[in-house]
Amino acid sequence: MQFLQYSAHNQSQSSEIPSLLECSIPDAGAQTCRFNRKGSLLAVGFHEGKVAIYDMSIRSVCSWLYGHTGVVSCVRWSRSGRRLVSSDTSYIHLWNVLDGREIMHVPLPGISGFELHPRDSNFIIASRTEDKPVMIRLDPKNDKQPWTITELTILEPQVKEKVKVKARRSVDTGRSVDTGAAAPTDKPEEDEEEEKKVPAICTSICFANRGNEIWVGTGRGMLFALETETLTEKPIDVPGLTLGGGCRMLTASKPLPDRQQLALVCADKCIYHYERIFAENLWKALPRYTDPVNHQKWRTCAFSPNREYIIACLGQEQTHTISIWSTQSAMPVRALEGPKELVLDLQWHPLRPLIVSVSPSHIHMWTVNYTENWSAFAPAFEEISKNVEYVEAEDEFDNVDDIPVAKNDSLTTDYVDIITCEKFTYASSDEEPLSDEELLYVPAIPIDDSQSTKEQGETERIKRLQRSVADCYRVDPQQLITDGGASNSCCGGFCSPSLATRSLVLALLTHLHPINPLCVCVCFSLSLFSMLCCLVCFLLCQLVLSIALFSFQ
């Protein structure tokens, strides 16, 4: 009976679950991804230290951000979408998304992950490898001290080492005798004493709801909740909250007004699922998820926007499998099989049934398989698989006189309001509408797809060099005629001498290289009159130089 209920639930919800690989964007070196608040932009961090911003309406790159010196391991959007924060193993970079400019970078060695405050884009919490987590306050307007770093000290109970006791079997009695056990005493046990606490090593961290709480997962499999303002630890009393292994990743769902769900990927091959009820200050343990077939460790997980599904991927090489569970029934709903590549990160679109998975060579997008159903528009419409011969009825197309229909005054027509717009809220941590300052799209920069990234950089460098050389030889047309006024001082004052001096230099350049005078003449030929003057002076100087060289020989 339970299986039948699950099957009915699966059929009713199958239209909301992605099942088809829509497209695969070839981008080698992608490591992580993140949608903005509405899902119109997708930020992708790469192994080469760059960040790409994709426009989801055209499935193409609209902006590139350069500045990282290592692998980009994490990216986060601000609430307004105008700022993007990314990190590698040594720095945290703050970007202006609109113009691609780097606002600042904060040195933080050993960073393993971070989270941006859902309300304040200048407030960051970060976890470090084998070190204490930190809280970073940014102040871009302060040139003397643009950031402030505060360490968070979290204490967890110290793990007591168990002493192994050897046993031997007695020959006389046949009972086991402890050889290393201590003699029995009448002293009270040490369990009654307070446990010693040591600083915890934070492996994952995130904000809750509006940022009023900080959730921290440790390497020993413990979960802590801290007040954001006072940094005081909140008690967590719920059976089964202690994790079975080190917490590798911690992700939170979109919250409801009074509760929020939390998922933790741990080292014991399980995904733990909890619910935080803010009104009652309670934690509720939900069913956990495992891989019953392969028994492999999970790499990452994410929630659907409506909190009805959890998606996760394995950390196994040559396996691109995305598992989808229902949070209501705790049963697997679907498994997406992709190419034989490792899944590095995945995200669910905040508004649509779209899943983005990142592999070392491609960015895959999964969507719903929409089928055309013409009978929905015309109930009498019948779909056929092959041609059918139709026999026309005798009176099918005969003219029929219009029969007047008697009006029934008892029927009343309902009034339908088609003018008033209802308030629709979405894509927010607390279901608030979007503001006018929201940045949803970025102006696209045309990029030549036939060139690689290095070739594009080299082409831009050559173009800048050519522009700088052209600026050196560019002269005002009036200056060629009047030879008056100050001019540019680049190229050692080459643009300031008179017309005769320039012509003399052109004649000298002819003996050095025959192409140089032609290039400079083109730069000088800003008008017809100046071109004629340059040619006449050039010929006279050439004649004088030839006579001088002939007499010298």
[X] side chain vs [Y] backbone, donor-acceptor pair below 3.5 Å:
X	Y	value
Q260	A252	no
H349	G39	yes
S40	Y441	no
R307	K254	yes
D258	A279	no
S112	S127	yes

Min side-chain heavy-atom separation [X]-[Y] under 4.5 Å:
X	Y	result
W147	P107	yes
V358	T32	no
V97	I53	yes
I310	F303	yes
I154	L226	yes
R299	L344	yes
L65	L84	yes
E233	F224	yes

Please name the pair of heavy atoms, one in [X] and one in [Y], separated by the smallest distance, quoted to 0.1 Å.
X	Y	value
L42	W77	C-CZ2, 4.3 Å
L262	T251	CD1-O, 3.3 Å
P18	I324	O-CD1, 4.3 Å
S121	R83	OG-NH1, 3.7 Å
W64	A52	CZ3-CB, 3.6 Å
K269	W298	O-NE1, 3.8 Å

Trace of the side-chain contact (heavy atoms from CB on, under 4.5 Å) decision for I201 with D131: CA-CA 6 Å; I201 298 176; D131 206 343; over 6 Å; no
Carboxylate-amine/guanidinium contact [X] [Y], below 4.0 Å:
X	Y	result
R137	D120	yes
R59	E22	yes
R79	E438	no
R76	E115	yes
E16	R352	no

Q | Sub-6.0 Å ring centroid separation between W95 and Y66 | A |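 No; Y66 has its ring centre 6.0 Å or more from that of W95.
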Quiz item: Does the separation of the ring centres of H68 and Y91 fall below 6.0 angstrom?
Solution: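 So the answer is no for these two rings.
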Should the pair [X] and [Y] be assigned to parallel (<30°), tilted (30 to 60°) or perpendicular (>60°) ring geometry?
X	Y	answer
W348	Y309	parallel
H273	Y289	tilted
H320	H364	perpendicular

Margin query: What verdict does the side-chain contact (heavy atoms from CB on, under 4.5 Å) test give for L264 and L223, after you've listed the backbone C-alpha separation in whole Å, the side-chain angles of each residue and the deciding distance to 0.1 Å?
Written below: CA-CA 9 Å; L264 300 97; L223 181 64; 4.0 Å; yes
Answer with yes or no whether the side chains of [Y] and [X] bring together a donor and an acceptor at under 3.5 Å.
X	Y	result
E308	T327	no
R82	N36	no
S359	E341	yes
S304	N306	yes
W366	S357	yes
T232	T230	yes
W215	E213	yes
N212	T228	no

Just how far is it from atom [atom1] of [X] to atom [atom2] of [Y], taken to the nearest 0.5 Å?
X	Y	atom1	atom2	answer
I124	F207	CD1	CZ	9.0 Å
L439	L41	CG	CG	6.5 Å
D139	T148	CG	OG1	7.5 Å
I125	H117	CD1	NE2	8.5 Å
L152	I214	CG	CD1	6.0 Å
L21	I322	CG	CD1	9.0 Å

- L138 and V106: side-chain contact (heavy atoms from CB on, under 4.5 Å), yes or no, with the steps? CA-CA 9 Å; L138 303 178; V106 181; 3.8 Å; yes
Test side chain to side chain donor-acceptor pair (under 3.5 Å) applied to S57 and D55, step by step | CA-CA 6 Å; S57 60; D55 191 340; 2.8 Å; yes
Carefully, step by step, assess E48 and V72 under the rule side-chain contact (heavy atoms from CB on, under 4.5 Å).
-> CA-CA 8 Å; E48 296 83 0; V72 180; over 6 Å; no
